[in-house]
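What you see is a predicted model, and the numbers here were worked out from it, not measured in a lab. Below, all heavy atoms of this structure are taken into account, side chains as well, without hydrogens, waters or symmetry copies.
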Amino acid sequence: MTDIVSKRAHYSPPWADVSIIGIAGSSGSGKSTLSHAIVSKLSLPWVVILSMDSFYKSLDEESSRKAFRNEYDFDSPDAIDFDVLVDRLRDLKAGKRAEIPIYSFAKHAREKETTSIYSPHVLVLEGIFALYDPRVLELLDMKIFCEADADTCLSRRILRDVSERGRDIEGCIKQWFLYVKPNFEQYVEPQRKVADIIVPRGVENRVAITMVIQYIERKLIEKSKAHRAELKTLGQNSEDEPLSGNVLLLEQTSQLRGMNTIIQDIDTSTEDFIFYFDRLSSLLVEQAMNRIYFKEMIVETPTGNRYHGLKATGETSAVVILRAGAAFETGLKRVLPDCRTGRLLIQSNVRTGEPELHYLKLPEHIESHDSVLILDPQMSSGGAALMAVQVLVDHGVPEEKIVFVTYFAGRMGLMRLTKVFPEVKVVVCTIVADFEERVC
């Protein structure tokens with residue numbers, strides 16, 4: 001194990017060290033509107049808004065009664081569970097999945113369910129205390145304070161609380177003068193001193209929004225370049241090294257070469273192509289099943305004999321890399337009819353060649369499964385394969401339980417994958433000549 005770890009190459013997915021933008025300000029100052037304007041301007045799937053409202057503490061019975069009488073101070077830092085917030089932000093900074101609480105203002109309590117956040121490149125943290133806790137400040141890449149006059153803030157708060165939180169106007173005004181206004185002066189307004197940008201007039205301040213957008217776009221470009229450069233260097237100078245022992249190449253029998261010939265022939269009909277690829281995919285999945293864990297088991301035959309056999313130790317699930325990976329599903333179902341499957345959509349950026357994670361849906365409790373197959377018909381540079389394995393590892397799947405199944409792969413891609421994840425097993429039908437995706 002020590003030797004494996006010492007040879008392990010480093011790989012950071014694009015969402016590692018997420019850029020976190022903190023937006024603070026008085027209640028009703030336009031923080032949420034500004035956050036949504038930033039996300040709308042960027043128009044990217046990996047920019048996420050995280051509201052600090054999710055981190056209100058659950059109330060005990062007495063505090064809950066006060067809340068329903070509009071006598072509980074929700075505008076004090078003590079109402080926020082900063083320990084949980086910091087823990088979730090640190091998980092996201094490390095590239096891990098974070099489970100975000102759901103707070104119900106109608107019940108004044110947290111729901112049992114949580115919301116998962118995973119793989120954002122940029123996270124916008126908005127709330128009246130986004131710049132309050134020193135531990136949060138250490139994690140922020142940009143700090144923004146949103147300003148608006150008190151009358152505007154009060155009117156916005158009344159409209160929001162009446163329409164979204166089931167409160168009446170009298171209760172809103174009571175809370176404003178009892179808690180919101182004095183707490184703003186004591187806790188919220190001092191956060192201006194640590195802000196990088198102070199934004200008066202909120203979403204109407206187009207100059208400030210443009211500055212924020214330009215900063216985020218610059219950070220995304222820098223991360224993209226660093227990720228592509230890291231992919232390019234992975235596996236270099238290893239042409240003369242042997243492939244990992246965890247790479248299983250199907251035996252190149254006459255039958256296998258015959259099926260490959262039919263599949264790669266431009267004149268092959270659609271029907272024949274599908275038929276023979278399904279046969280090959282079944283062979284690949286069968287070989288992958290030889291790489292999972294078994295335990296000894298004795299059964300009695302119908303004739304009364306005792307047979308010393310093997311039994312798979314647990315559940316095997318599969319993750320299909322869309323869209324091409326769906327071609328493996330017929331073969332998968334032939335071998336494992338009741339196999340639970342998940343989906344990953346990883347596409348290469350047409351301009352840069354960088355692999356990008358667009359969609360993620362994994363089988364429930366995948367971290368507890370004994371083996372997980374990743375199905376993708378081709379592996380060229382290895383970028384998508386590295387990302388797919390990283391996603392599973394980030395969701396708690398040990399790499400030694402992962403089997404990557406592919407029809408054909410380049411040697412460089414195989415070297416990159418097994419250098420970064422030396423315990424992952426790979427089953428491949430054919431190894432083809434390498435080619436590098438364009439890196440700008």
Side-chain angles (χ1 to χ4, degrees), residues 3-16 223-252 256-257 260 263-264 280-281 284 287-288 291 319-325 327-328 344-357 373-393 399-400 402-440:
D3 184 54
I4 289 176
V5 173
S6 65
K7 294 181 180 180
R8 183 189 298 270
H10 175 71
Y11 169 74
S12 295
W15 54 86
K223 284 187 175 183
S224 177
K225 287 181 178 178
H227 181 233
R228 285 178 280 139
E230 186 176 11
L231 285 177
K232 191 172 180 63
T233 57
L234 274 175
Q236 285 185 345
N237 304 319
S238 59
E239 293 85 353
D240 297 328
E241 293 184 30
L243 287 173
S244 165
N246 278 335
V247 176
L248 172 65
L249 177 65
L250 293 189
E251 184 181 353
Q252 302 298 296
L256 188 73
R257 292 180 62 192
N260 274 328
I263 287 173
Q264 298 187 44
L280 273 177
S281 64
L284 285 164
Q287 287 297 326
R291 313 291 275 183
V319 175
V320 175
I321 298 183
L322 300 173
R323 298 181 177 87
F328 271 114
L344 288 177
L345 177 56
I346 299 174
Q347 292 184 320
S348 295
N349 187 296
V350 293
R351 183 176 59 85
T352 66
E354 180 187 25
E356 298 172 339
L357 177 63
L373 311 182
I374 299 179
L375 307 176
D376 192 8
Q378 66 176 41
M379 182 199 304
S380 51
S381 67
L386 283 167
M387 187 175 286
V389 173
Q390 184 68 54
V391 168
L392 295 191
V393 170
E399 65 177 85
E400 65 271 13
I402 299 172
V403 185
F404 196 98
V405 183
T406 184
Y407 171 59
F408 65 77
R411 180 183 175 83
M412 181 62 73
L414 292 170
M415 293 298 295
R416 284 172 172 163
L417 180 60
T418 54
K419 282 284 186 179
V420 176
F421 300 107
E423 296 178 69
V424 168
K425 307 170 189 69
V426 183
V427 177
V428 57
C429 179
T430 306
I431 297 178
V432 297
D434 287 313
F435 69 90
E436 278 289 341
E437 293 184 357
R438 180 166 59 93
V439 177
C440 302

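Atoms CZ and CD1, on F404 and I321 in that order, are 4.5 Å from each other to the nearest 0.5 Å. Residue M412 holds its CE atom at 13.0 Å from CE of M379, rounded to the nearest 0.5 Å. Atom CG of N260 is separated from atom OG1 of T430 by 4.0 Å, given to the nearest 0.5 angstrom. Taking SG from C429 and CD from Q252, the interatomic distance works out to 6.0 Å, rounded to the nearest 0.5 Å. Here CG of L373 is found 12.5 Å from CZ of R291. Values are rounded to the nearest 0.5 Å.
I402 has its side chain within reach of V393: a pair of non-hydrogen atoms, C-beta onward, lies under 4.5 Å apart. At a threshold of 4.5 Å between non-hydrogen side-chain atoms, the residues R411 and L243 count as touching. R323 places a side-chain heavy atom less than 4.5 Å from the side chain of Q347. Looking at heavy atoms from C-beta onward, L344 lies in side-chain contact with L357 at the 4.5 angstrom threshold. With contacts defined as side-chain heavy-atom distances shorter than 4.5 Å, the pair K223/W15 does not qualify.
Of all heavy-atom pairs spanning P13 and Q390, the tightest one is CG-CG, 3.8 Å. The two atoms that bring V403 and A288 nearest to each other are CG1-CB, 3.9 Å, heavy atoms only. The heavy-atom pair separating P355 from I346 by the smallest distance is CB-CG2, 4.0 Å. The minimum heavy-atom distance between A324 and P377, with the atom names listed, is O-CG, 3.2 Å.
Side chain of T406 to backbone of D376: a donor-acceptor contact under 3.5 angstrom is found. With hydrogens and angles ignored, the 3.5 Å screen pairs no side-chain donor or acceptor of E423 with any backbone N or O of T418.
Checking each of L280, L284, V320 against F328 for a side-chain contact (heavy atoms from CB on, under 4.5 Å) leaves exactly one that passes, namely L284.
In this structure, the side chain to side chain contact (heavy atoms under 4.5 Å, CB included) partners of A327, at least two apart in sequence or on a different chain, are F277. With sequence neighbours left out, E400 forms a salt bridge (charged side-chain N to carboxylate O under 4.0 Å, His left out) with no residue at all.
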